[in-house]
Each structure stands twice: as structure tokens, then as C-alpha cells.
There are 2 protein chains.
Amino acid sequence: MTTGSSTEWLARAREEGGPSGEPKRDRQFVEALARGLEVLRAFQPNHAQLGNQEIARATGLPKPTVSRLTYTLTKLGYLTYSERLGKYHLGAPALALGYAVLSNMGIRQLARPHMQELADYSGASVALGSRDRLNLIYVEYCRSNAAVTLRLDLGSKVPIATTSMGRALLAALPESEREHLMDFIAKRDPERWPQIRAGIERGIEDYASRGFTMSIGEWKSDVNGVGVPMIPSDGSPIMVFNCGAPSFQLSRDRLETDIGPRLVNMVRGVEVLLGHH
Amino acid sequence: MTTGSSTEWLARAREEGGPSGEPKRDRQFVEALARGLEVLRAFQPNHAQLGNQEIARATGLPKPTVSRLTYTLTKLGYLTYSERLGKYHLGAPALALGYAVLSNMGIRQLARPHMQELADYSGASVALGSRDRLNLIYVEYCRSNAAVTLRLDLGSKVPIATTSMGRALLAALPESEREHLMDFIAKRDPERWPQIRAGIERGIEDYASRGFTMSIGEWKSDVNGVGVPMIPSDGSPIMVFNCGAPSFQLSRDRLETDIGPRLVNMVRGVEVLLGHH
DNA sequence: AAACGCAATTTCGCAATGCGGAACTAAGAG
DNA sequence: CTCTTAGTTCCGCATTGCGAAATTGCGTTT
């Protein structure tokens with residue numbers, strides 16, 4: 001299901017962009033920390049409980065190393081050991097980190113009223129996401145009081161490959177970064193790559209011509225959405241907005257002619273607010 | 001405001017319980033990982049943006065070390081660097097961890113209906129917390145539709161020293177652990193320690209005689225609450241429930257005679273559910 | 001402009017620290 | 001009682017992280 005191992009990401013994280021780069025050690029990069037965090041990441045919402053062995057398999061790290069890392073994380077409270085199952089699960093301190101992320105993210109307060117307005121107008125839900133590897137993480141979320149469906153929580157992930165949000169991100173990314181990510185997507189799912197690629201390229205065109213991207217049943221067959229990127233003025237990473245709903249509620253046509261342009265407008269408005277610091 | 005440095009915690013985390021222990025190295029403990037996480041922790045909700053210097057001061061780590069750790073965390077996406085400010089802030093991947101915590105915590109789904117029921121009955125809010133150092137982190141939260149006040153989000157922290165929840169935790173903890181924590185509390189706030197200590201001891205008595213603890217305006221002057229601990233059957237850490245509201249809404253008398261006993265009952269109910277796995 | 005203060009990064013030699021293959025122990029399953 | 005599968009301990013090696021001090025970089029001040 002997942003990529004063979006997450007070691008690839010660690011390897012890439014160390015190197016400069018150069019694909020030719022030999023294993024020149026980055027004396028600045030703290031391997032042990034990266035590996036420890038990799039262990040924490042292994043605990044996805046579906047993999048609630050993991051033993052050392054499973055973690056070793058999931059991360060591609062040697063057993064003794066995993067053993068030491070889980071030992072450390074447990075002492076710090078980030079992991080909790082269950083005697084009954086002989087497995088670890090995530091502890092509350094990890095949650096506190098997430099809360100700090102949200103409460104420190106100024107853009108959320110700025111954007112929320114605008115997002116809510118569009119959500120109410122469209123009867124759909126509007127979200128703000130930030131990238132993590134090949135996913136987008138929801139950092140803000142508004143839905144119309146009408147909408148009953150599509151409940152995604154803050155902190156949850158959607159793939160960049162097939163969502164309108166993801167395509168908006170890719171379209172706005174500098175060429176080199178985009179290709180880097182697309183390489184990974186291709187590698188992870190060679191089967192569907194041709195269609196995925198086509199969707200991304202359509203997204204790039206849509207973004208160039210109209211300022212927003214679309215996904216019509218391409219992420220989940222009964223969900224439609226549009227996406228718009230926001231490129232911050234300082235060097236910080238691109239954020240992405242979307243507006244989406246079940247397909248019976250939001251037709252392709254309405255997205256294209258009405259919601260898409262409005263989302264673009266909304267993002268321009270938020271950008272202005274951000275400019276005022 | 002905070003403890004001088006968080007290095008104390010790291011030191012303790014390595015050692016066995018023994019207070020006499022000299023710095024016998026724990027070859028199992030990965031220092032670099034612990035330090036890296038300590039850097040992330042420095043980003044509390046109030047300290048949104050931090051430079052290397054500030055992090056060094058907050059964590060008590062040497063500057064070059066901090067520099068390497070922030071470098072690593074940035075490459076991994078857990079921190080983001082703002083050119084404009086020359087400071088770091090937390091990135092979305094940290095949020096994803098928090099989400100995984102919540103979605104994996106089975107007890108939440110089990111307990112929620114019961115918590116909601118009591119919240120509705122009492123017109124107050126009911127929460128479930130788990131300890132992180134000297135705080136309790138809210139991992140589940142229900143409030144009556146009536147209650148307008150006291151909005152605390154999942155992942156936020158309250159001190160164990162002065163809250164009903166905290167006292168319930170301390171009361172249920174084994175002697176040695178309790179004293180260990182109380183030492184820290186005393187050290188952190190010697191000024192108020194006499195009153196704090198008195199409150200904790202009252203909590204221990206209350207818990208022994210009635211099964212719940214109280215805090216009447218001792219955390220925030222206009223907030224009252226009761227707390228009940230839940231000791232899991234496997235070795236995993238104690239969880240704590242509370243029920244609280246602004247003091248005008250929930251009198252001491254009502255807490256003592258009505259809400260407290262009901263909360264105890266509720267927790268017994270949840271414990272039974274947990275037993276059924 | 002030059003000089004100053006302040007913060008962040010780089011340097012660099014040292015040894016502490018993290019590493020992982022292999023051996024060992026523990027706990028089920030057949 | 002063996003066979004498998006998970007987890008820990010050993011232990012020598014060299015990688016890797018360490019931190020004092022020097023260096024760079026930036027924004028003020030004189």
C-alpha cells in the first residue's frame with residue numbers, strides 16, 4: 001500500500017537538489033532525529049498500533065535502531081507501550097504539537113471568514129491545505145451549515161496526485177520541484193500514472209488559463225472540487241485552497257463557471273490581507 | 001514564565017528512578033532525537049516564531065546544536081523558515097502527527113457518548129485529558145449546546161497543579177511518581193507552592209473519600225470543576241475526566257453533591273466498556 | 001564611511017554516540 | 001520439544017554529533 005520504505009525521503013532530504021550527487025554527507029543534518037520522526041510518522045490513522053518489527057519494516061530501519069528510537073520516544077511520552085498487545089501507539093504530547101501548529105498559524109484567522117462566506121454561498125466545503133510529502137494536510141476547514149457530507153478533520157491528509165488542491169499546488173510549484181514530486185508519484189503508482197499525469201497536466205493548463213484547477217471525480221468518484229494556490233511573499237511554502245462537495249451537489253459546470261472564479265477571487269482577497277502583515 | 005530550561009526533563013528522562021544516580025549513560029537513549037523534539041516543543045501557542053537564539057535560550061541547548069537541529073527539522077518540513085523574520089515556525093507535518101493521535105485513540109469513540117450525555121445533563125463541558133509533563137492535554141471534549149463559554153480545543157493544555165483534572169491525576173498516581181511531579185511543580189513556582197500543595201492534598205483526600213477531586217476557582221478564578229481519574233488495565237498511562245463550567249453556572253454545592261458522583265459513575269461505565277476491549 | 005553590537009553560521013579536531021551484524025532470549029505455534 | 005517470529009543485548013567500529021571559538025552577515029550608531 002505504502003511506498004516500500006520511507007528511507008527514500010530521508011535520503012532525499014539530505015541531498016541538495018542534484019540527482020548526480022554522490023552520498024556526500026551533509027554534516028549539518030541530524031540523522032538520528034530524522035529517523036526518530038520517521039518512526040512517529042509510521043503511526044498513520046490506519047496503523048494505530050505497531051510493534052518494533054512492524055516499524056522496522058515500515059520505515060526500512062534496522063531492528064536495533066528502531067528499538068532504541070522507540071525506547072527514547074516512549075521515555076519522552078510521544079509513544080506509549082501497551083503491555084497487553086506488546087505494541088506502541090502515539091501519546092498525547094504528539095497531539096500538543098499539532099495544536100501549537102494550528103494556534104500559531106496566523107493565516108487561518110485571516111482566511112476563515114472568507115472561506116466561510118464561500119462555503120455558505122456554494123453550499124459546499126472550503127479548505128486550506130499545506131503540503132507534506134505527497135499529501136496535503138488540512139489546516140483550516142469551513143463547511144456550509146447545509147452540507148452534511150464530506151467531513152474531513154483538521155490534520156487529515158489528501159493526496160496531491162488526484163485532488164484539485166494537489167493539482168493547484170503542483171501547477172504553482174517551480175518546474176524543478178514539480179518534477180521532483182511527480183517522479184515520486186510515478187514511482188509510487190506506476191499503474192495509474194498515465195491517467196494521473198494527464199490530470200496534472202490538465203491542471204497546469206487550467207491554472208495558466210483560468211487561475212484554478214479542477215478534479216471531477218478523480219480523487220473519489222463522487223466528489224468534485226476546484227483548487228487555487230497561494231504563493232506567500234516570503235519564502236514560506238505554498239498554501240492551497242479548495243472548494244468541493246459531492247458531485248450531485250456541485251456540478252462540473254457550476255464549478256467551472258461560478259465557484260472556480262469565486263475561489264480565485266477569494267484567494268486574491270486573502271493575499272491582500274496577508275500583505276498588510 | 002516557563003521553567004528555566006527544559007534540559008531538566010531530558011536529564012530525568014534518561015535516568016532510572018534513583019535520585020542518587022550519577023550520570024550513568026543510558027546507551028539506549030538517543031539524545032539527538034530527544035533534543036530535536038525539545039526544539040519542536042519550544043514552539044508553544046504563545047511563542048509562534050522563534051529564531052535559533054531564542055530556541056537555544058528556551059531549551060538550554062548550545063547554539064550550534066540548535067542550528068543543526070533546526071536545519072534538520074526544516075528539511076523534513078516540521079519547521080518552516082520565514083525569510084522575512086529570520087525565524088522558524090511549525091509546519092503542517094507536525095499537525096498530521098496530532099491528527100494520527102486522535103484518530104487512533106479508541107477510548108475517544110467509546111467515551112464520547114457518555115461524556116456528551118453528562119455535558120447535556122449538567123449544562124457544562126466534559127473533557128478527557130492525558131498527561132504531558134506538568135500539563136494535561138485535552139484529547140476529547142464535549143460541551144452542552146447550552147454552554148457558550150469555556151471553549152478549549154483538542155490538544156490544548158491545562159496545568160496539573162491547580163485543576164480538578166490535575167489533582168485527580170496526582171491522586172491516582174503511585175506515591176513515587178506523584179512526589180516526583182510535585183517536586184517539579186514546587187520548583188517551578190515556589191511562590192505559590194504552599195497553596196498549590198494544600199490543594200493537591202485536599203484532592204488526594206477527596207479522591208480517597210468520594211472518588212472525585214474539585215477545583216473551585218483555583219485554576220481560573222471564575223471556573224469550577226470536578227475530576228475523576230481512570231486507571232487502564234494494561235500499563236498505559238492514566239487518563240483523566242473532568243466536568244467544568246464558569247462558577248456562576250456550576251456551584252460548588254452542585255458539583256459536590258450531584259455532578260461529582262455522576263462523573264464517577266460515568267467513568268465506571270467507560271471502564272466497563274474498555275474491559276470488553 | 002567606519003565602527004559597533006547582535007545573531008546566526010561555519011570551522012574543526014575530538015571522542016562520545018549512535019550504528020547494525022550477529023548472537024541471545026522470550027514467547028507462541030505446531 | 002523444536003521451529004518460527006519478535007525483541008533485546010553485545011560490542012567493536014567509525015560515523016556523527018558536539019561545542020568553543022572564529023567568521024560572516026545585518027542593521028544601527030557615531
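In the text below, chain A, chain B and the rest are named by the order of the sequence lines, each starting its count at 1. Model, not experiment: these values are computed from the prediction.
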Original post:
Nearest of D:dT9, C:dT9, D:dG17 to any side-chain atom of A:Pro64?
Top reply: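 Among D:dT9, C:dT9, D:dG17, the one nearest the side chain of A:Pro64 is D:dT9.
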Original post:
Any idea which of C:dG20, D:dG7, C:dT9 is nearest the A:Pro62 side chain?
Top reply: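 Out of C:dG20, D:dG7, C:dT9, the nucleotide with an atom closest to A:Pro62's side chain is C:dG20.
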**OP:** Pick the P atom in C:dA16 and in C:dC12, then give their distance to the nearest Å.
**Re:**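 Taking atom P in both C:dA16 and C:dC12, they lie 22 Å apart.
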Subject >> Pair pattern of DNA chain D in dot-bracket, where unpaired bases get dots and | marks partners in another strand, Watson-Crick or G-U under 3.5 angstrom >> reply: ||||||||||||||.|||||||||||..||
Side-chain N,O ([X]) to OP1/OP2 ([N]) below 4.0 Å:
| X | N | result |
| --- | --- | --- |
| A:Thr65 | C:dG20 | yes |
| A:Ser67 | D:dG7 | no |
| A:Asn52 | D:dT8 | yes |

**OP:** Could you say whether A:Leu50 or A:Val30 is positioned toward the 5' end of DNA chain D, judged by the nucleotide with the nearest heavy atom to each?
**Re:**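 The answer here is A:Leu50.
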**OP:** Using a strict cut-off of less than 4.0 Å between a Lys/Arg side-chain nitrogen and an Asp/Glu carboxylate oxygen, indicate whether B:Glu31 and A:Lys75 qualify as a salt bridge.
**Re:**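 So B:Glu31 does not pair with A:Lys75 through a salt bridge.
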**OP:** Give a yes or no on whether a salt bridge exists between A:Arg268 and A:Glu271, defined as a side-chain N under 4.0 angstrom from a carboxylate O.
**Re:**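 Salt bridge flag = yes for A:Glu271 with A:Arg268.
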Value in whole Å for how far the [atom2] atom of [N] lies from [atom1] of [X]:
| X | N | atom1 | atom2 | answer |
| --- | --- | --- | --- | --- |
| A:Leu61 | D:dA6 | CG | C1' | 17 Å |
| A:Tyr81 | D:dG7 | OH | C1' | 8 Å |
| B:Glu31 | C:dG18 | CD | P | 7 Å |
| A:Lys87 | D:dA6 | NZ | P | 9 Å |
| A:Arg68 | D:dA6 | CZ | P | 19 Å |
| B:Gln28 | D:dT9 | CD | P | 6 Å |
| A:Leu85 | D:dA6 | CG | P | 15 Å |
| B:Lys63 | D:dT24 | NZ | C1' | 13 Å |

**OP:** Classify the side chain of B:Arg35 versus the base of D:dG17 as yes if they form a donor-acceptor pair under 3.5 Å and no if they do not.
**Re:**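 No such pair is found, so the answer is no.
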Subject >> Greater than 12 external heavy atoms within 6.0 Å of B:Arg192's CZ >> reply: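 Not more than 12 within 6.0 Å, no.
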Original post:
For the side chain of B:Thr70 and the backbone of B:Val66, is there at least one donor-acceptor N/O pair under 3.5 Å apart?
Top reply: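 Flag set: sc B:Thr70 to bb B:Val66 pair under 3.5 Å.
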Original post:
Going by heavy atoms in the side chains, are A:Glu54 and A:His47 under 4.5 Å from each other?
Top reply: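 Counting from C-beta outward, A:Glu54 and A:His47 never come under 4.5 Å.
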Subject >> Any side-chain heavy-atom pair of A:Leu170 and A:Ile204 under 4.5 Å >> reply: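 Contact flag for A:Leu170/A:Ile204 side chains = no.
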Original post:
How would you list all residue pairs meeting salt bridge (charged side-chain N to carboxylate O under 4.0 Å, His left out) that involve residues 60-69 of chain B, not counting sequence neighbours?
Top reply: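 Pairs touching residues 60-69 of chain B that pass the test: none.
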